[in-house]
Amino acid sequence: MGDRILRSIIAGDNDAYGRVVTEQAKKVVYTTNLPRPGGGAWADNDAWDLASEFFTKKKSVESTLLAATDDDSLNAYLYTVLENQIRQKLRGTTKARIKRRLQELLDEEDWVEEPDGFWSRRQDPRTAFGGRDAELQAATWEVDVQLVKWRDDAKRNSPFAERESLVQLLDAIGETAGGAVHIDTITDVVARRFGLSSLPTVEPLDLSDEASDVADPGPVPEAQLEAQDDAIDAAATAVSVYGDLSPDQRRMIPYAEQSVRKAGDHLGWGKTKAGRVQKRLEATYKAELGHLNDGERLAVLDELAELERPGISDMDRPQEDS
Amino acid sequence: MADDHNAPATPDPAHLDALRDAFAATAPEPAVGQIWRARWQHTAQLVLVLRTDGVSVSAAPITPDVELGDDLAVIVDDDASPFGYAVLVWTGLTADLPVRVLDVHLGDIDRAALAAVEGRRGIGAPITHPLDERAQVRDAISDRMEALANAVWASEAATTIDLTAAMKAKGFTPGKLAPVVGVDAGEIMAVARGDTVPTPELAERLGPLLGIEPLDLLGARRLDPDLVWAFDRPSLRRPLRERAEAEGFEDEGAFRYHVATAELALAARQTKSTSPRDRYLGLIRDYLDAR
């Protein structure tokens, strides 16, 4: 593995840095599964914009060079940084939608907004919470959240489960704060709980695509709900869950019930990595399938196993949300 | 930056001046409060030195993402950070690293910031849930610190010599061999046990008698800790790496081992230095200056 390009950049070749960043930006634009923020199809100009944005941030410019040890790792880190720029924009959009939904829920749940922007439970004092955001964040991680994603074409909607999770999170925040919290803080804390936190500058994470909407679609007529409850479509649910899994989590599906060592052996991973990914997969199952009864859950898991069955072609896999 | 979509984007040189100066500078000896890029093989991590004895450093990893810390990750504000932007010190992932992994000295933090770090009052919530993305960040940092903590020199052709078996095969005992090579039997036995490294001169005499390459006799034993200490000086890292590349070595650890055993072990040079460490430093510098 050579480091000629990395060394030339460190020695002072700014043009070399520009070329390699632009190359990786083009690669991201042409290969990413992420939707284009703002909609529409990816275009060549987007690569230039991505590269330009990268160079406006001293932190990104320096951190990438400090993390890389050769040209291959430089390219890999650049790809991660540039793709994360896109993810961050998508997360910002989702976060804005969450904020609007939270404001509706706070109103529906009879919280009091006083002064403007600051919300407290009716039984709590109106004085602002003087503690740290970390305390509120820690409280949200204690709440078991059901992450049923709302989709236009889903055959099963469970808006009350989704709503209930959001309300539980708000209650946890209110209980911990014991006072008024600004809506931006509430939004940040809830967003982080849903995996919409700030992304690291250069660290490549095992992430699912930033596609699904976490917002609650609102109440559904009772009769329609009953009909949906009677006819769970395991395949549709499996496709939805599959779309939310990261690449490593997907590979773990067939081995989720095996020991960490055996799972690692099958996947060619060490025990540490296998254990971590297995835990994340279990937690995702709990969050997205926890509201199902045993029979329904098993049906969905069977469908997931089929999706990840070795030999299934990429053409047969569900495509990512766009 | 020209707003011309036909020309590649380029960095603002001002964003890189300080970094480039740091890479070009001669690295100092480690000291508390320093921020280094630590690196060994393909692993790199920014670290803050909390303690050092010259052989190893107790160091906490640093990342630039201040929003992703846990309850033990302390922020160093932008005015206290040598980067000009705030960084996060993960005190919960502090590890003992050998000095050999210190690569580029990037600056220092002041006493007030150091005291805040040592207070270990982190800015974030504890990481308790497997779906918390910070868990992946923390795990990745932890893995790198472990790799750096375990950085050792490795000979690409390490061999294990059983000296006792070799003597027996040639019909020697330590008592019979000792007068032939001009040392006490006790020294032969200490070398056979691996308690000491044979001198180059002894290796030159023993080798032909036992049918072993003198270099293999030297290479199979632990290196003199003072020799290792000298090779691990941060100030020698870049010149050694440059020489390694010139000599066709990709692995800087293997190159150090090669120089230590093949080049310096047979050096007959005697200096007037007062300590073995100074002597070895002199030998290494002479080797680097010689070509």
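Remember, predicted model here, so these are calculated numbers, not experimental data. Just so we're on the same page: letters track the sequence lines, and every chain starts at 1.
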Knowing that exactly one of P200(A), S63(A), S60(A) qualifies, which makes a side-chain contact (heavy atoms from CB on, under 4.5 Å) with P64(B)? S63(A)

For chain A, which of I127(B), L19(B), V104(B) has the most heavy-atom pairs under 4.5 Å? L19(B)

Side chain / backbone / both / neither for Q45(B) at chain A, heavy atoms under 4.5 Å: neither

The interface call for A68(A) against chain B, heavy-atom contacts under 4.5 Å, is backbone

For A67(A) against A44(B), the heavy-atom pair lying closest together: O-CB, 3.7 Å

Measure distances from Q278(A) to the heavy atoms of chain B and classify the residue's part below 4.5 Å as side chain, backbone, both or neither. neither

Straight-line distance of L131(B) CG to K286(A) NZ, nearest 0.5 Å: 10.0 Å

Report yes or no: do D65(B) and T201(A) form a side-chain donor-acceptor pair below 3.5 Å? yes

Side chain, backbone, both or neither: which part of E146(B) has a heavy atom under 4.5 Å from chain A? neither

Quick check: do R193(A) and H129(B) have side-chain heavy atoms less than 4.5 Å from each other? yes

Shorter than 4.5 Å, heavy atoms on both sides: which option in V61(A), I10(A), I9(A) has the most such pairs with chain B? I10(A)

Donor-acceptor pair, side chain of Q136(B) and main chain of D206(A), under 3.5 angstrom: yes

Do NZ/NE/NH1/NH2 and the carboxylate oxygens of R87(A) and E133(B) come within less than 4.0 Å? no

Would F23(B) and L66(A) satisfy side-chain contact (heavy atoms from CB on, under 4.5 Å), going step by step from the backbone distance to the final call? CA-CA 10 Å; F23(B) 270 86; L66(A) 287 167; 4.0 Å; yes

Max heavy-atom pair count under 4.5 Å with chain B, selected residue of G12(A), S197(A), A138(A), A25(A): G12(A)

Say you draw a straight line from CG of L199(A) to CD of E67(B); how long is it, rounded to the nearest 0.5 Å? 10.5 Å

Which distance, rounded to the nearest 0.5 Å, do you find between the NE2 of H15(B) and the OH of Y17(A)? 11.0 Å

Closer than 4.0 angstrom, basic N to acidic O: yes or no for D12(B) and K57(A)? no

Could you tell me which non-hydrogen atom of G124(B) sits nearest to which non-hydrogen atom of A134(A), and how far apart they are? C-CB, 3.4 Å

Take atom NZ of K27(A) as the centre, draw a 6.0 Å sphere, and report whether it contains more than 12 heavy atoms from other residues, nucleotides or ligands. no

Calculate, to the nearest 0.5 Å, the distance between atoms CG and CG belonging to D139(B) and L205(A) respectively. 10.5 Å

Main chain of Y85(B), side chain of K58(A): is a donor-acceptor contact present, judged purely on distance under 3.5 Å? no

Portion of D13(A) that has a non-hydrogen atom of chain B nearer than 4.5 angstrom: backbone

Between S198(A) and L68(B), the two heavy atoms sitting closest are O-CD2, 3.1 Å

With chain B as the partner, which of R192(A), K279(A), K59(A) has the greatest number of non-hydrogen pairs under 4.5 Å? K59(A)

From CG (D72(A)) to NE2 (H42(B)), nearest 0.5 Å: 9.5 Å

Charged N to carboxylate O below 4.0 Å: is that the case for R20(B) and E62(A)? no

In terms of heavy-atom contacts, P130(B) and A283(A) come closest through CG-CB, 3.6 Å

Of the listed residues (R19(A), Q137(A), R276(A)), which shares the most heavy-atom pairs with chain B below a 4.5 Å separation? R276(A)

Return the minimal non-hydrogen interatomic distance between R132(A) and I123(B), and the atom names on each side. NH1-CA, 3.6 Å

For the student: nearest non-hydrogen atoms of I141(B) and E203(A), plus distance: CG1-OE1, 4.3 Å

Considering only heavy atoms from C-beta outward, does the side chain of T43(B) approach that of T69(A) to under 4.5 Å? no

Evaluate the criterion salt bridge (Lys or Arg N to Asp or Glu O under 4.0 Å) for residue pair R280(A) and D132(B); output intermediate values, then yes/no. CA-CA 9 Å; R280(A) 291 210 301 273; D132(B) 187 341; over 6 Å; no

Here the gap from L65(A) atom CG to R37(B) atom CZ, rounded to the nearest 0.5 Å, amounts to 9.0 Å

Under 4.5 Å, counting heavy-atom pairs only, tell me which of D71(B), L16(B), T128(B) racks up the most with chain A. L16(B)

